[in-house]
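Each chain gets a letter, A, B and so on, in the order its sequence line appears, and its residues count up from 1.
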Amino acid sequence: MGAHRFSDEITTSLQRVAFEKSVSWVVAGAILLIVAVPLFSIEWTHTLRTVVLGGAVLGVVCGALGSFAVLRQQSLLGDALAHTALPGIAIAFLVSGRSLPALLLGAGVAGWIGVLLIRALTTTTRLKQDSAMAIVLSSFFALGLALLAYIQGRGDASQAGLKSFIFGQAAAIVERDVVVLALVGGAVLLVMIAFWKEFKLITFDPEFAHTVVLRARAIDLVLSLLIVIAIVLGLQLAGVVLMVGMLIAPAVAARQFTSRMEPMVLLAAALGGLAGGGGAFVSGLDAGLPTGPLIVVAAVSLAFVALAVAPGRGVIWTWLAERRDRRNFAAQNVLSDLYRHCLSHDDPMQITDESMLVNLRGDAARIALRQLQREGLVHGDGRLWRLTNAGVDAARRLEM
Amino acid sequence: MAVHIASDALSISAPTTRLNTGKSSFEVEDLTVAYNSRPALWDVDLRVPEGVLMAIVGPNGAGKSTLIKAALGLIPRAAGEARFFGKSYEQARQLVGYVPQRGSVDWDFPTTVLDVVMMGRYGRLGWLRRPTKRDRDAALAALEQVGLSAFAKRQISQLSGGQQQRTFLARALVQEAQLYFMDEPFAAVDAVTERAIVTLLQTLRANNKTVIVVHHDLQTVPEYFDWVTLLNVEIIATGPVSETFTDENLHRTYGGRVGALTAAPEAAGA
Amino acid sequence: MQGIETIIVQLLVSVFSPEQINAFLGDPRTVAVIVGSMVAASGALLGTFLLLRRMSLTTDAISHTILLGIVASFLFMVFVLGVEPDLSSPLLVIGAALAGVATVLLTEAIQRSGLVKADAALGLAFPLLFSIGVLLIARFTSNIHLDADSVMVGEIGLAWTNANSYCLERCDPVVITPDDPRAETSRICTNCERDAISPRSSQAVFETACANCGTYSAAEAWRLRLIPEAPVLVYFPRAIGVMSVITLINLLFVGLFYKELKLSTFDQGLARSLGFRPGWLHYGLMILVSIAAVGAFDAVGSILVVAFFVIPAAAAYLLTDRLAPMLALAILIGVVGAYSGYDLARGTLFGIIQISDVLVLLDRVIGLGGQTTWDSSISASMVLTTFMLFVLAWVFSPRYGLIANFARRRWQRQEFAHQVLLAHLYNHGDQPEERAEASLHEHFRWSRERMRWVLSGVRAQQWVAVEGGLVTLTERGAHEVLDFRKTNLQVQ
């Protein structure tokens with residue numbers, strides 16, 4: 001029996017893996033199709049193409065690095081980091097005007113300072129991580145808002161682009177920006193690929209990683225740095241307030257469709273690119289809509305769909321499987337009840353009244369009897385039941 | 001054989017003759033570790049000869065895991081040093097294998113059993129280099145050795161606790177080390193896994209490897225190990241099981257509760 | 001809500017003259033500080049428990065998602081009920097409370113599925129709900145009085161302009177009838193257009209129409225100059241009324257359930273076994289957080305609210321170990337922060353530093369385009385001053401402050417190092433090579449300087465003696481070793 005079940009388990013597991021793979025491909029294809037259709041029916045202006053391209057590049061980078069943030073259980077640290085970037089953007093603007101590299105640098109430095117401050121708070125006081133994050137993110141964000149109000153007071157024409165960092169505005173991305181974003185994003189992805197196995201190990205088992213990997217501390221720092229860069233890049237698109245959604249939703253969705261890290265990061269990058277490009281596309285058509293909320297609604301909805309329907313893992317699947325198990329269990333119980341009734345009368349063909357079983361097992365007995373009937377294990381007219389020969393055999397096996 | 005024993009008597013010169021049997025594989029000198037100025041390890045001196053199976057036993061909070069982690073540089077030391085075959089950890093990295101506690105990682109991580117085992121090769125590979133077929137074969141062989149061949153492609157969340165433990169052991173095996181540290185490998189595992197670990201330990205010793213195991217089941221110490229260290233913040237005693245694992249030493253390690261402990265070893269467990 | 005406001009106004013009137021009251025409540029600074037203080041006080045009351053229950057980030061999430069509740073209620077009022085919405089409408093409060101509870105339920109549901117870790121669950125739930133809120137605002141912003149700016153920072157600086165008026169004298173309503181001399185009447189031909197005839201035609205039928213007939217309250221009548229003499233009016237900012245009610249509710253809640261809150265915060269299990277319902281308190285707290293956040297929304301926007309909940313409570317937490325003083329300190333810090341925040345927005349930090357001086361200096365160094373006046377967001381500045389108070393507590397707290405900690409750590413490290421040395425000498429008393437003064441530092445991997453420092457410390461205590469390059473434990477030192485051993489070593 002043990003050997004039988006063991007091999008069974010392996011086959012179902014292998015089947016499931018194959019099935020999962022095909023399902024994720026079908027889902028990915030379907031999403032692509034749905035998104036692709038409207039693309040042919042509109043006029044592609046130069047600006048729109050730039051904006052969508054920029055959005056897609058940022059989405060890919062955020063999706064890929066977001067996977068690490070999720071797996072390291074640092075989603076909310078990402079949220080804090082995005083908020084703390086705001087004063088950095090404002091200060092960079094004050095110092096050097098609206099140059100994208102300067103703004104990104106300012107955002108990165110401020111975000112890093114914010115994270116260090118959170119760490120300092122948790123290590124030197126008895127405040128817990130969540131409170132430390134709330135304190136730092138809200139006060140840095142307030143500083144950013146105060147600085148923005150000051151900059152606004154200057155009546156500087158180019159400050160218009162700054163506000164887009166709060167809720168994100170893809171339309172603010174110009175062609176020169178796309179080049180910068182693509183270069184930085186490409187570099188981030190290259191480093192990720194180059195140190196793939198180190199990053200994977202340090203994410204899965206940091207303790208072990210520190211004992212085997214050369215300069216694990218430096219690797220850890222580089223990975224954190226890449227996540228910071230991804231967040232900072234994404235700010236223009238998703239905005240500081242909603243960045244966390246864009247960072248983690250693609251990764252959470254991808255995680256539901258695969259149980260390996262390589263396809264997870266690939267899928268997350270694809271979904272991120274899709275959400276980023278799609279969000280930029282919609283807000284490019286309708287400049288009144290901020291990009292961040294569009295992307296986040298799209299990406300998080302996708303994640304929720306994934307949580308519900310993911311094959312073998314999603315909520316619906318679990319629920320169905322549990323129901324099946326419950327029913328099988330009830331059917332087995334009823335089968336043994338019938339068998340014991342037979343034994344007690346020493347007659348394998350002993351007839352049992354349905355009401356007796358219902359008294360014993362509740363209403364589930366009715367469903368169980370119908371199921372056993374379908375499997376040809378019992379025979380009856382809806383009121384009186386007896387075991388078939390196959391049923392007696394099955395019950396005997398169960399009793400063993 | 002003289003055993004390093006910290007004396008309770010008020011004598012200024014405590015009897016301390018260093019152990020000296022052949023080459024030592026692992027050596028700790030004056031190691032002190034503190035958590036918020038409270039000593040977790042106190043002036044620990046330890047020398048482990050090559051080719052022994054050693055258990056570290058002691059009550060909860062006695063610093064057993066701390067000793068391993070401080071030696072491997074995972075937590076900061078207040079004083080002292082650890083040497084592996086006479087070298088520092090940085091130099092001897094390739095010679096040392098480590099099996100962390102099973103609960104230290106997220107078993108819902110998206111990766112397969114084979115992948116986890118391959119991670120043991122990463123240190124050998126160095127930066128940037130991808131695992132080759134040879135690494136893969138080594139990983140598969142290690143899985144065979146712990147009886148998990150059929151599970152190579154499984155997602156790790158589908159494993160039982162014992163299978164998780166054996167996966168970690170396989171990962172340490174592919175490190176092809178001379179000295180292994182195992183942190184509570186026997187904690188909450190099934191009988192099959194316990195047997196598998198014991199067999200593995202014996203194979204390792206047959207190949208003249210040194211294995212240092214944080215252990216909590218006093219009853220199995222004489223059966224599984226040939227060397228033992230009794231630890232309670234300080235080293236109480238260390239040496240061959242036959243000489244060191246005495247009632248007197250156990251009493252000094254566990255205080256008055258030793259009788260209860262040998263009767264119900266679980267009480268000392270995590 | 002109106003009732004409480006009336007009571008407050010009556011109290012005020014019984015003490016002060018209407019002119020005094022209007023001068024007081026007509027001052028933007030006063031109103032902003034009062035509203036800010038009440039936001040901070042109710043935030044601090046709830047925040048203290050939220051901090052201790054490790055729910056600071058849940059508060060952050062709720063303060064975001066009440067936006068969706070507010071917008072949805074707004075739209076419901078405009079499009080379904082067809083009424084002009086008002087931020088103090090109870091419907092809005094209910095909508096926001098629902099949104100707050102929905103956030104918590106959604107997060108808990110995602111977590112319960114076991115597919116997503118707790119941090120990611122929160123990171124999915126609130127961005128989604130907040131995004132929907134922002135999109136709705138962006139789409140319907142022309143119809144309703146809500147825009148992205150007020151979502152960000154609120155309008156505490158304008159709180160004084162939105163006031164209810166209370167009449168004290170000459171309050172009779174004015175009724176204008178068509179024969180009143182003040183009526184603006186006109187004669188309108190009712191059949192001219194229909195029958196295509198000139199109004200001068202004899203067949204034209206006329207009717208008298210009155211443009212301003214009706215009943216006016218005294219305040220309206222005075223505004224339209226229908227009455228010659230102004231009624232005596234007292235203006236009471238609505239935000240103060242709303243926040244008073246919310247602060248009162250929070251005070252009552254904390255006052256009535258103090259014991260239960262305290263117990264369930266520190267020991268959920270014990271609270272349950274004693275027959276309390278921690279679940280009820282949990283959701284009650286969440287609903288109050290939502291309500292307080294709605295009240296604060298108008299004043300400080302949706303994103304800064306969390307600061308008023310967490311920062312004062314955290315500062316108080318660093319200053320005291322006991323719950324009641326912590327509550328009081330949190331409120332005090334919040335109020336002081338709100339008070340000094342208004343000044344910061346107008347350019348003075350704690351009455352000491354003029355921001356414009358700093359800006360002039362910065363302008364000279366890095367060039368700010370010559371703008372040296374500082375006029376900034378009031379709510380953001382209130383958060384900043386509160387944060388500065390927090391930093392002061394963090395640095396100077398006598399028990400948990402950085403300075404106190406640093407001094408204590410240093411002392412402990414020194415003590416510890418002494419004991420390490422003594423223990424070594426004790427264990428290796430018979431091995432001269434382990435006690436050589438010149439090479440002693442090598443055993444501990446310490447620097448020579450540190451070794452010298454430690455050695456001088458133990459010599460001062462007369463725990464060791466140095467003779468002929470050898471360090472030896474004294475009798476006194478051996479006692480010290482054993483004492484330390486007794487108190488610090490050997491667990492169980």
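- Aromatic ring centroids of C:F416 and B:W42 lie under 6.0 Å apart.
- With a threshold of 4.5 angstrom between heavy atoms, C:E442 does not approach chain B through any atom at all.
- Contact count against chain B (heavy-atom pairs under 4.5 Å) is highest for C:R445 among C:Q412, C:R413, C:R445.
- Ion pair B:R93/B:E90 flagged as a salt bridge, since at least one NZ, NE, NH1 or NH2 atom sits closer than 4.0 Å to an Asp/Glu carboxylate oxygen.
- Under the 30°/60° scheme for interplanar angles, the aromatic rings of C:H64 and C:F126 are found to be tilted.
- C:R408 does not touch chain B: none of its heavy atoms, backbone or side chain, sits under 4.5 Å away.
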Quiz prompt | Check against ring pair (Phe, Tyr, Trp, His ring centres under 6.0 Å), B:F26 and B:F181 | solution = CA-CA 10 Å; B:F26 174 53; B:F181 290 94; 4.9 Å; yes
